[in-house]
Amino acid sequence: MHDHGLLLVNLGSPLSTEVKDVRSYLNQFLMDPHVIDLPWPVRRLLVSLILIKRPAESAEAYEQIWWPDGSPLVVISQRLCDAVRPLWRHGPVELAMRYAEPSIEKSLLALVKQGVSKVLIAPLYPQFADSTTTTAIQEAQRVIRKHHLTIELNTLPAFYAEPEYLNALVASTTPTLKEDFDHLLISFHGLPERHLTKREPNNTHCLKSADCCERATGAVLDTCYRAQCIQSAQRFARQAGLKPSQWSVSFQSRLGRAKWIEPYTESRLDELAQQGVKKLLVMSPAFVADCIETYEELGIRGREQFIAAGGEDLTLIPCLNDNADWAEALVRLCEKTLKPAPALA
Ligand SMILES: C=CC1=C(C)c2cc3[nH]c(cc4nc(cc5[nH]c(cc1n2)c(C)c5CCC(=O)O)C(CCC(=O)O)=C4C)c(C)c3C=C
Ligand SMILES: [Fe+2]
Ligand SMILES: [Fe+2]
């Protein structure tokens, strides 16, 4: 059967670096109740306040990292999709972005037009968060309801501890880790703290002690983004043969005044420089594709900050992007979720 479509979903980027396009993207993104999880009137007010200055600032940042053929995040995700297509033997493959283009609606309808009866949606986020994974799945469900589609929708679960993902990550970073460095900072995208606690089944674990994420198991680990990030980092470091003193974890991209999960990447960059780290490696395994948050926040601003604080060099390790190893690993991860066909009588 060739009727099981695969829909790869990433976050999305503005259509261009023009302030109006950045504003429209940020408005769509931040008005998503899974991203700013406040009642509509409060969310509208807060987002309108953010939209006074942020679009121009972000447009300038996008300008510095934009490629001739578009946003790095979208271009790389499209290349990954092109690499996955010939490897997926079960049906057609399309790429969608949760915000802006290509929309989930357009890409899901394109799969249906190609005659699929089942779709596996693969949110391209190793660690689970409502603000990334849940919103992508709910958008696909909305499209299915809106167009009365009669397809079965399955989901690729978070793959933060899956050997396929970790092996690809170790393979892609090994050449850089073989070179001389003082410390590896594993910087994940941050989240407001309340996004962890509201998800936890009994609200007895998350943020209740300094090492709660290191000890998380079962249902807590299933829902705690921070614990999943720490698991990814620990497993990666063990597999890459790093000593505990050679690496640490931090969380980047804080927005607004609410408390986000710690330690913050910005603080760690200063601390590491003050502790005498000269050659710093930084990787960001919450992203499978390089984007504004890696190229600009870490590779440009982070680097300047680290050097100003006394460091000598910051090397940004590329994300998995469209590596052949990663495309194969992603297909294997997706195939693991396919239900076996019923046995013939
Ligand atoms: C890796 C997973 C991500 C989580 C979790 C996440 C949560 C989250 N993000 C914001 C606010 C912004 N994020 C922005 C960019 C951005 N975020 C992710 C991924 C996650 N976000 C990616 C891949 C990107 C890059 C997009 C690109 O075009 O390259 C931005 C826009 C850029 C900027 O202005 O800084 C914002 C804003 C919140 C509030 C949040 C959780 C609540
Ligand atoms: Fe984000
Ligand atoms: Fe937690």
Side-chain angles (χ1 to χ4, degrees), residues 9-17 21-23 25-38 43 46-47 50-51 53-62 65-67 70-77 97-100 123-136 158 160 187-200 203-217 219-232 251-256 258 260-261 284-297 301 319:
V9 181
N10 210 332
L11 190 102
S13 290
L15 296 180
S16 80
T17 61
D21 285 338
V22 178
R23 179 178 291 109
Y25 159 78
L26 287 176
N27 185 54
Q28 189 194 1
F29 182 9
L30 299 174
M31 280 308 289
D32 181 338
H34 289 294
V35 176
I36 298 201
D37 56 340
L38 298 169
R43 183 164 74 247
L46 184 64
V47 174
I50 294 172
L51 292 183
K53 281 194 176 166
R54 185 90 186 184
E57 289 166 3
S58 294
E60 209 183 307
Y62 276 111
I65 59 118
W66 209 254
W67 287 351
S71 146
L73 176 88
V74 179
V75 174
I76 294 167
S77 303
M97 294 288 147
R98 173 61 187 91
Y99 311 106
L124 294 174
Y125 312 107
Q127 299 82 20
F128 170 86
D130 281 329
S131 51
T132 49
T133 305
T134 308
T135 184
Y160 62 96
S187 173
F188 292 88
H189 196 299
L191 266 191
E193 282 191 342
R194 68 169 183 281
H195 284 229
L196 300 191
T197 44
K198 74 175 181 194
R199 257 289 180 177
E200 195 199 335
N203 195 13
T204 51
H205 188 96
C206 279
L207 308 172
K208 296 283 184 290
S209 68
D211 65 345
C212 56
C213 287
E214 279 81 352
R215 293 182 291 101
T217 54
V220 174
L221 187 54
D222 286 345
T223 57
C224 180
Y225 172 83
R226 189 174 184 278
Q228 294 188 2
C229 292
I230 286 175
Q231 277 271 327
S232 293
F251 297 92
Q252 64 183 84
S253 316
R254 181 176 173 212
L255 178 75
W260 280 43
I261 53 179
S284 204
F287 307 113
V288 298
D290 276 301
C291 58
I292 190 171
E293 313 291 80
T294 58
Y295 288 152
E296 195 273 337
E297 185 175 353
R301 270 188 294 137
C319 293

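Everything numeric in this text was worked out from a predicted model, so none of it was measured. As the structure lists them, so they are numbered: ligands from 1, and atoms in each ligand from 1.
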Atoms in ligand 1 flagged as close to Leu11, the criterion being non-hydrogen separation under 4.0 Å: 16 (C), 17 (N), 18 (C), 22 (C), 24 (C), 26 (C)

Please round to the nearest 0.5 Å and tell me the distance separating atom CZ of Phe128 and atom CG of Leu221. 12.5 Å

Where ligand 1 meets Ser13 - atom numbers and elements under 4.0 angstrom, heavy-atom basis: 27 (C), 28 (O), 29 (O)

Ligand 1 atoms nearer than 4.0 angstrom to some heavy atom of Ser58 are 33 (C), 34 (O)

Within-cut-off N or O pair, Ile292 and ligand 1, under 3.5 Å: yes

Straight-line distance of Leu207 CG to Cys224 SG, nearest 0.5 Å: 7.0 Å

Can you find an N or O of Arg54 that's nearer than 3.5 Å to an N or O of ligand 1? yes

Backbone, side chain, both or neither: what part of Asn10 comes under 4.0 angstrom of ligand 1, heavy atoms only? neither

Side chain, backbone, both or neither: which applies to Phe188 and ligand 1 if a contact is any heavy-atom pair less than 4.0 Å apart? neither

Gly12 near ligand 1, heavy-atom distance under 4.0 Å? yes

Enumerated ligand 1 atoms positioned under 4.0 Å from heavy atoms of Leu191: 5 (C), 41 (C)

Contact between ligand 1 and Pro192 is defined here as a heavy atom of the residue under 4.0 Å from a ligand atom; is it met? yes

Judged on heavy-atom distance to atom 19 (C) of ligand 1, which of Arg254, Glu57, Met97, His189 sits nearest? His189

To the nearest 0.5 angstrom, please state how far the CD atom of Gln228 sits from the CZ atom of Phe188. 10.5 Å

Under 3.5 Å, is there a donor on one side chain and an acceptor on the other for Gln127 and Ser232? yes

Got the closest protein heavy atom to atom 14 (C) of ligand 1, with its distance? Phe29 CE2, 3.4 Å

For ligand 1, indicate whether the residue Ser131 contacts it via side chain, backbone, both or neither (heavy-atom separation under 4.0 Å). side chain

Under the 3.5 angstrom rule, does the side chain of Ser77 hit a backbone N or O of Leu73 as a donor-acceptor pair? yes

Verify side chain to side chain contact (heavy atoms under 4.5 Å, CB included) between Asn10 and Tyr125, making sure each step is shown before the conclusion. CA-CA 8 Å; Asn10 210 332; Tyr125 312 107; 3.8 Å; yes

Look up atom CD in Glu200 and atom OG1 in Thr223, then write down how far apart they are to the nearest 0.5 Å. 6.5 Å

Ligand 1 and Ser71, any nitrogen or oxygen pair closer than 3.5 angstrom? no

Using modelled atom types only, decide if a donor and an acceptor are shared between the side chain of Gln252 and the backbone of Glu293 within a distance under 3.5 Å. yes

For Glu297 and Ser253, indicate whether the former's side chain and the latter's backbone hold a donor-acceptor pair under 3.5 Å. yes

Output for pair (Leu30 CG, Ile36 CD1), nearest 0.5 Å, gives 4.5 Å

Any idea which part of Trp260 is under 4.0 Å from ligand 1, heavy-atom wise: side chain, backbone, both or neither? side chain

For His189, the N, O or S atom at the shortest distance from the Fe ion (ligand 2) is NE2

Shortest protein contact, atom 37 (C) of ligand 1 (heavy atom only): Leu26 CD2, 3.8 Å

Do you know how many protein N, O or S atoms are within a distance smaller than 2.8 Å of the Fe ion (ligand 3)? 2

May I ask you to decide if His34's main-chain N or O and Asp130's side chain share a donor-acceptor pair within less than 3.5 Å? no

For atom 42 (C) of ligand 1, what is the nearest protein heavy atom, given as residue, atom name and distance? Val35 O, 3.2 Å

Looking at atom 2 (C) of ligand 1, what's its closest protein heavy atom, distance included? Thr132 CG2, 3.6 Å

What residue and heavy atom of the protein are closest to atom 1 (C) of ligand 1, and at what distance? Ala286 O, 3.4 Å

At under 4.0 Å between heavy atoms, which part of Trp66 makes contact with ligand 1: side chain, backbone, both or neither? neither

For ligand 1, is any non-hydrogen atom under 4.0 Å from Glu297's backbone (N, CA, C, O), its side chain (CB onward), both, or neither? neither

Any chance CD of Glu60 has more than 12 other-residue heavy atoms, nucleotides or ligands included, within less than 6.0 Å? no

Lys208 NZ: over 12 foreign heavy atoms closer than 6.0 Å: yes

Main-chain N/O of Gly12 paired with Tyr25 side-chain donor or acceptor, under 3.5 Å: yes

Where do Thr133 and Tyr225 land on the side chain to side chain contact (heavy atoms under 4.5 Å, CB included) test, with the steps shown first? CA-CA 11 Å; Thr133 305; Tyr225 172 83; over 6 Å; no

Suppose I only count heavy atoms of Phe287 and a 4.0 Å limit; which atoms of ligand 1 are within that range? 1 (C), 18 (C), 19 (C), 22 (C), 23 (C)

Please report which non-hydrogen protein atom sits nearest to atom 32 (C) of ligand 1, along with the residue it belongs to and the distance in Å to one decimal place. Tyr62 OH, 3.8 Å

Value for OH (Tyr295) from CZ (Phe287), rounded to nearest 0.5 Å, stands at 12.0 Å

Are Thr132 and His189 side-chain neighbours, meaning at least one heavy-atom pair lies under 4.5 Å? no

Out of all atoms in ligand 1, which are within 4.0 Å of some heavy atom of His195? Include the element for each. 42 (C)

Are any side-chain N or O atoms of Arg98 and backbone N or O atoms of Leu11, one a donor and one an acceptor, separated by less than 3.5 Å? no

